[in-house]
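Indexing begins at 1, ligand by ligand and atom by atom, following the structure's order.
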Amino acid sequence: MALCDSDTMPAAHASILHLDLDAFFAAVEQRDKPSLRGKPVVVGGTGGRGVVSTASYEARAFGARSAMPTIEARRLCPPGTAFLSGRYEAYRRSSAAVMTVLREASAVVEQVSVDEAYVDLGAADLPDLETATVTGLGQELQRRIAERTGGLSASIGIGTSKMIAKLGSEARKPGGLTVVPSGAELEFLHPLPVRAIPGVGPATAARLHAFGVDTVAALAAVTETDLVSIFGSSLGAGLARMARAEDTRTVSSEREVKSISAEQTYERDLTDPEGIRVAVRGLADKVTARLQKSEVFARTVTVKMRRHDFSTLSRSWTLHHATDDAELIAAHAQALVAAANLTDGVRLLGVGVAGLTEHAQATLWQEGPSLARPGQDQPEDVPDAVGASQPLEPASAGGQQASGAAEAVRSWPTGADVQHAEHGAGWVWGSGRGRVSVRFEGPGTPPGRVRTFASDDPDLSAAEPPWWPGALQDAESGPAEDAW
Ligand code: TTP
Ligand code: MG
């Protein structure tokens, strides 16, 4: 076996795969709303100060972009463009389905965002890592992802390092597959603009431009000494390394844990206090077991409750010191739930812990009277603990997002899933002046028609996102237990 200095030599094989879904949130919307397929769709805050989360490729053609004020996207896009507030639960389910496909292919998958992951092909069940073999796997993954998600499209890059793999996945979006074989890194990298390099933002690009450096090839021609004298030792040396395609970061499936939670949707609403108590204890124990396994301690206990009308409440309590004590966590979760009004029943319960630290702070005082009345004088509420279940509207755009103390109020965010007693499943097409218009269609139907109702029509209710045809409602992507 030849010796290889991993700091300077490229790995022998293109064994790192990077995958990124195409226009992810917008693609999920187009899948679930057939009338929007092939049309410009913008997802994000629809209120006055809303910001674009993403735009479909049709809307990008008019200049709509992530992080742009929605008001600007409205100006750029033609009439008929759909502006939708997000449906995080729908995105989470599709993301989970994609990650399951990747984990079936390799034991080492590093998820880096909701729609992005690195896969170590060295841990995949492949006969070899030759270009033809990894290309075949990339195509197979794209096919399986489309199949398991009802048609979502992914772009893939495969290379000898994380940087090359990521640049590869960006190279031919949407739906692209780029394999950069070992030895071809510089040929691939050099024509790219310097902005493509991770860590090169507009300011660095502008300074490089002032020196006549616009491409990675031009950057590679500058000596490391010069780069260090211009940008300082850290950025300068980093730029020099990137221009030489040196990136020794490995794919790691361990992620830093920020919060731990478990939730359960019940087939029949729980109504009796004892049933709720037993359920909360089970969830708290599950969370504590995971906390103890991760060898960390939590300061905040949160609970989430979804009532029969889909209104969702969250409550939290911050302890004086971090703990991994099952009794203490369960007692706080019980007290938080007991303080909420669940007399009409609850369809989903969740227990979570956050504020994780590696050390249990020395107990200088015992948990005091807080345990008896956690519904009052809460020192700290953590509204973002329920972020995953909330529409992505800015808080200013709708009252129901202000979770925590306030009860949820009925409102109809554009794009939200609804159910009508007579007409079935649909989504909010628009609302205002006491009316709500619903388009009745779903991922497996042809484009549907729009009907308008009074916004307090008792036949109309908020609904869970539809499952797409062929979806595997497995433990990970199903409604059972998951992190929020
Ligand atoms: P990206 O992968 O950056 O974007 P994308 O998938 O929409 O489009 P592309 O084809 O270029 O990959 O982000 C994934 C999702 O994350 C995106 O669909 C929406 C969300 N997001 C935000 O909410 N805000 C942001 O500023 C960005 C960049 C993304
Ligand atoms: Mg993406």
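H18 pairs in a side-chain hydrogen bond (donor to acceptor under 3.5 Å, both in side chains) with only one of the listed residues (E116, E170, K162, E110), which is E116.
Looking at S169, its side chain does come within 3.5 Å of a backbone N or O of K166 through a donor-acceptor pair. In this structure, the side chain of R290 engages the main chain of S261 through a donor-acceptor pair within 3.5 Å. No donor-acceptor pair closer than 3.5 Å links the side chain of W468 to the backbone N or O of G444. R195 contributes a side-chain N or O that, together with a main-chain N or O of V200, makes up a donor-acceptor pair within less than 3.5 Å. Proximity of a side-chain donor or acceptor of T100 to a complementary backbone N or O of A96 within less than 3.5 Å is detected.
Judged by the shortest distance from any of its heavy atoms, Y91 lies outside the 4.0 Å radius around the atoms of ligand 1.
Side-chain polar atoms of E441 and S35 form a donor-acceptor pair below 3.5 angstrom. Counting only N and O atoms by type, the side chains of T81 and R74 include no donor and acceptor under 3.5 Å apart. With no hydrogens or angles considered, no side-chain donor-acceptor pair links R435 and T452 at under 3.5 Å. Between the side chains of S155 and D22, at least one donor-acceptor pair of N or O atoms lies under 3.5 Å.
Distances shorter than 2.8 Å separate the Mg ion (ligand 2) from the protein N/O/S atoms D20 OD1, L21 O, D115 OD2.
Residue-level proximity to ligand 1 for E116 is absent, since no heavy atom of it falls below 4.0 angstrom. Here V51 has no heavy atoms under 4.0 Å from ligand 1, in either its backbone or its side chain.
Less than 4.0 angstrom separates some heavy atom of Y57 from each of these atoms of ligand 1: 9 (P), 10 (O), 11 (O). Remark: ligand 1 atoms within the under-4.0 Å shell around heavy atoms of R60 are 5 (P), 7 (O), 8 (O), 9 (P), 10 (O), 11 (O). Interface of A23 with ligand 1, defined as ligand atoms under 4.0 Å from a residue heavy atom, comprises 5 (P), 6 (O), 7 (O), 8 (O), 9 (P), 10 (O). Every atom of ligand 1 with a heavy atom of T54 under 4.0 Å away is listed here by number and element: 5 (P), 7 (O), 17 (C), 18 (O), 19 (C). For ligand 1, the atoms closer than 4.0 angstrom to any heavy atom of F24 are 5 (P), 6 (O), 7 (O), 18 (O).
The option with the heavy atom closest to atom 27 (C) of ligand 1, from among S53, A67, A55, S153, is S53. Of the candidates P174, A26, S66, G45, S66 brings a heavy atom nearest to atom 26 (O) of ligand 1.
Polar contact check, V52 against ligand 1: no nitrogen or oxygen pair lies under 3.5 Å apart.
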Got a list of side-chain donor-acceptor pairs under 3.5 Å for residues 58-67, not counting sequence neighbours?
unit_1, atom_1, unit_2, atom_2, d
E58, OE1, Q30, NE2, 3.4
E58, OE1, S56, OG, 3.0
R60, NE, A55, O, 2.9
R60, NH1, Y57, OH, 3.4
R60, NH2, T54, OG1, 3.2
R60, NH2, A55, O, 3.3
R65, NH1, R60, O, 3.2
S66, OG, S53, O, 2.8

